[in-house]
Number of protein chains: 2
Amino acid sequence: MSARTHERLIRRLGQHAALFAALGDQTRLMILVKLADGVPQSITRLSEGSDLTRQAITKHLTVLEDAGLVTGSRQGRENLFQIESDTLATAHDALDAISKQWDATLDRLKKHVEGA
Amino acid sequence: MSARTHERLIRRLGQHAALFAALGDQTRLMILVKLADGVPQSITRLSEGSDLTRQAITKHLTVLEDAGLVTGSRQGRENLFQIESDTLATAHDALDAISKQWDATLDRLKKHVEGA
DNA sequence: TAAATATGCAACTTATTGGTTGCATGTTAA
DNA sequence: TTAACATGCAACCAATAAGTTGCATATTTA
């Protein structure tokens with residue numbers, strides 16, 4: 001691996017880490033699940049049924065928005081949030097990158113054991 | 001959604017959150033990448049090339065192990081760690097669950113717009 | 001216009017995380 | 001049997017995260 005390739009890898013890891021960190025909270029996953037039906041929802045709406053305060057939910061939404069997982073748009077007195085499926089796909093691909101590398105190793109290993 | 005289904009969902013979200021949280025750190029992703037070539041490596045080995053202390057790496061390995069992403073086994077005076085690809089697949093599936101729900105919504109939406 | 005609604009902003013508290021240093025213990029090799 | 005090596009354990013520190021309360025502001029609606 002060249003030095004430049006290595007640098008790129010590091011940078012990408014940083015972005016991915018931020019993404020996973022945003023996903024690494026039960027409340028935030030719950031918010032994503034609520035938004036996964038495609039209907040944009042207000043902060044108050046997203047707070048309903050939770051035992052947390054509206055402000056806590058707002059903070060979580062900020063984290064999700066910074067990670068690019070949701071976007072909010074002010075609509076009158078409401079701030080409607082919706083999911084960003086592309087970013088979700090990015091996280092998906094990051095896991096693929098690691099697991100595929102591992103799978104490739106597994107293949108080589110299997111062939112080796114089989115005497116191929 | 002029934003109350004029991006809802007409980008299960010919550011429990012699963014908790015597990016998934018822990019998994020993503022473990023993935024949500026640059027140093028830990030780096031460790032996983034190092035282990036992704038399939039060769040079990042000692043703590044000292046995994047610490048080489050990092051500007052962190054061995055103990056810091058040890059802590060990260062503990063987090064990864066608690067999340068089920070790696071396992072360590074003592075071999076003489078070394079503790080050799082290797083990746084657990086199944087757990088990685090679990091995280092993968094969790095993202096699938098959310099993004100597929102979103103994709104389904106998108107499909108319905110598209111059909112609706114197309115007047116189908 | 002006045003009341004109700006939805007949100008934003010800021011200060012503050014507590015718990016967790018990421019990191020360190022120092023020292024003890026077990027293992028291998030000269 | 002020492003010396004070198006690999007790790008484990010514990011105390012400690014600084015920064016960040018998660019949550020709260022209180023108050024201000026903008027937007028509807030009766």
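What's counted below: heavy atoms across the whole structure, side chains too, no hydrogens, waters or symmetry copies. Every chain is numbered from 1, with letters handed out A, B, ... down the list of sequences.
The distance from atom CG of Asn79(A) to atom P of dT28(D) is 13 Å, rounded to the nearest whole Å. Rounding to whole angstrom units, CD1 of residue Ile43(B) and C1' of dA6(D) are separated by 8 Å. Regarding Asp25(B), its CG atom lies at a distance of 18 Å from the P atom of dA15(D), rounded to whole Å. Rounded to an integer number of Å, the gap from CD of Gln41(A) to C1' of dT7(C) is 16 Å. Rounded to whole angstrom, the span from the CZ atom of Phe20(A) across to the P atom of dA17(D) amounts to 18 Å.
Taking Ala18(B) as the reference, nothing meets the side-chain contact (heavy atoms from CB on, under 4.5 Å) condition, with sequence neighbours excluded. Residues passing the side-chain contact (heavy atoms from CB on, under 4.5 Å) test with Thr90(A), sequence neighbours excluded: His16(A), Leu19(A). Shown here are the side-chain hydrogen bond (donor to acceptor under 3.5 Å, both in side chains) partners of Thr71(B), two or more places apart in sequence or in another chain: Glu84(B). Ala67(A) is linked by a side-chain contact (heavy atoms from CB on, under 4.5 Å) to Ala22(A), Leu69(A), counting only residues two or more places apart in sequence or in another chain.
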### Summary
Counting primed atoms, P, OP1 and OP2 as sugar-phosphate and everything else as base, the B/S/- map of nucleotides 25-30 of chain C against protein heavy atoms under 4.0 Å is --BS--

Report all side-chain donor-acceptor pairs from residues 52-59 of chain B shorter than 3.5 Å, counting only partners two or more places apart or in another chain.
unit_1   : atom_1 : unit_2   : atom_2 : d
Thr53(B) : OG1    : Ala56(B) : N      : 3.3
Thr58(B) : OG1    : Arg54(B) : O      : 2.9

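Expressed to the nearest 0.5 Å, how far CG of Asp51(A) lies from OG1 of Thr27(A) amounts to 8.0 Å.
Asp66(A) pairs with exactly one of Val70(A), Thr62(A), Leu64(A), Val63(A) by the side chain to side chain contact (heavy atoms under 4.5 Å, CB included) rule, that one being Thr62(A).
Among residue pairs with one or both ends in residues 63-92 of chain B, those qualifying as ring-ring contact (aromatic ring centres under 6.0 Å, His included) are His92(A)-His92(B); sequence neighbours excluded.
The stretch residues 44-66 of chain A comes close to DNA chain C through Thr44(A), Arg54(A), Gln55(A), each having a heavy atom under 4.0 Å from the strand.
Between the side chain of Ser42(B) and the backbone N or O of Glu78(B) there is no donor-acceptor pair closer than 3.5 Å. Counting only distance, with no hydrogens or angles, the side chain of Arg28(A) and the backbone of Ala21(A) share a donor-acceptor pair below 3.5 Å. At distances below 3.5 Å, not a single donor-acceptor pair connects side-chain atoms of Arg45(A) with backbone N or O atoms of Ser47(A).
For the helix from dT1(C)-dA30(D) to dA30(C)-dT1(D), the terminal axes (five pairs an end, C1' atoms, rotation from four pairs onto the next four) enclose an angle of 20°, given to 10 degrees.
Toward the 5' end of DNA chain D, the nearer of the two residues Ser42(B) and Thr27(A), judged by each one's closest nucleotide, is Ser42(B).
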